[in-house]
Visitor: 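Starting off with a structure, shown below.
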Amino acid sequence: MTVFGVAALAEFAKTHAAARKPLARFLATVEQARWRHLAELKAAFPAADYTPSGLVIFNVGGNKYRLAVSVDFDQRALAIVRVMTHAEYDKETF
């Protein structure tokens with residue numbers, strides 16, 4: 001997958017240093033992925049959730065962090081919409 005918004009991961013890691021390695025592992029996995037549909041994504045990330053707004057929410061770092069992303073399976077592209085802590089995610093509605 002082509003990943004857009006990678007700078008958001010680096011920016012988040014500046015204030016949440018413990019997130020650096022889990023986010024790097026997530027990014028490496030996603031960049032190697034060739035998902036054609038949601039079922040293939042869910043095979044790699046079973047805890048990922050698809051929201052009514054069309055975003056996919058990933059749990060990263062042992063459920064400490066959340067990534068809200070937009071995925072275009074036809075273009076094999078993933079755009080990072082928001083990176084947040086679990087507590088921040090609990091306050092959001094997607």
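All values below were derived from every heavy atom in this structure, side-chain atoms included, with hydrogens, water molecules and symmetry-related copies excluded. These numbers were taken from a predicted model, which means no experiment stands behind them.
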Visitor: How many angstroms lie between atom CD1 of Ile80 and atom CD of Glu11, to the nearest 0.5 angstrom?
Guide: 13.0 Å
Visitor: Taking Val69 as the starting point, is it possible to reach Phe45 by hopping between hydrophobic residues whose side chains are less than 4.5 Å apart?
Guide: yes
Visitor: Hydrophobic clusters here meaning ILVMFWY residues chained together by side-chain heavy-atom distances under 4.5 Å, can you tell me if Ile57 and Leu67 are in one?
Guide: no
Visitor: Let me check something: do Leu27 and Val83 share a hydrophobic cluster, defined by ILVMFWY side-chain heavy atoms less than 4.5 Å apart, either directly or through other members?
Guide: yes
Visitor: How close do Gly61 and Pro22 get, counting heavy atoms only, and between which atoms?
Guide: CA-CB, 3.6 Å
Visitor: Looking at every heavy atom in both His86 and Asn63, which two are closest together, and how far apart are they?
Guide: ND1-O, 3.2 Å
Visitor: Quick check: is Leu78 connected to Val81 through a chain of hydrophobic side chains (ILVMFWY, heavy atoms under 4.5 Å apart)?
Guide: no
Visitor: Please give me the minimum heavy-atom distance between Leu41 and Ala48, naming the atom from each residue.
Guide: CD2-CB, 3.7 Å
Visitor: Given the rule in the ring-ring contact (aromatic ring centres under 6.0 Å, His included) test, do Phe12 and Tyr65 qualify, once you have shown the distances and angles that lead to the verdict?
Guide: CA-CA 10 Å; Phe12 184 82; Tyr65 311 105; 5.7 Å; yes
Visitor: Is a side-chain N or O of Lys64 found less than 3.5 angstrom from the main chain of Thr85, in a donor-acceptor match?
Guide: no
Visitor: So, Glu92 and Arg66, do they make that salt bridge, N to O below 4.0 Å?
Guide: no
Visitor: Look up atom CE in Met84 and atom OH in Tyr89, then write down how far apart they are to the nearest 0.5 Å.
Guide: 7.5 Å
Visitor: Could you check if a side-chain atom of Asp72 sits within less than 4.5 angstrom of a side-chain atom of Phe4, using non-hydrogen atoms only?
Guide: no
Visitor: Under the side chain to side chain donor-acceptor pair (under 3.5 Å) definition, can you give me all pairs with a residue in residues 27-36, not counting sequence neighbours?
Guide: Arg36-Glu40
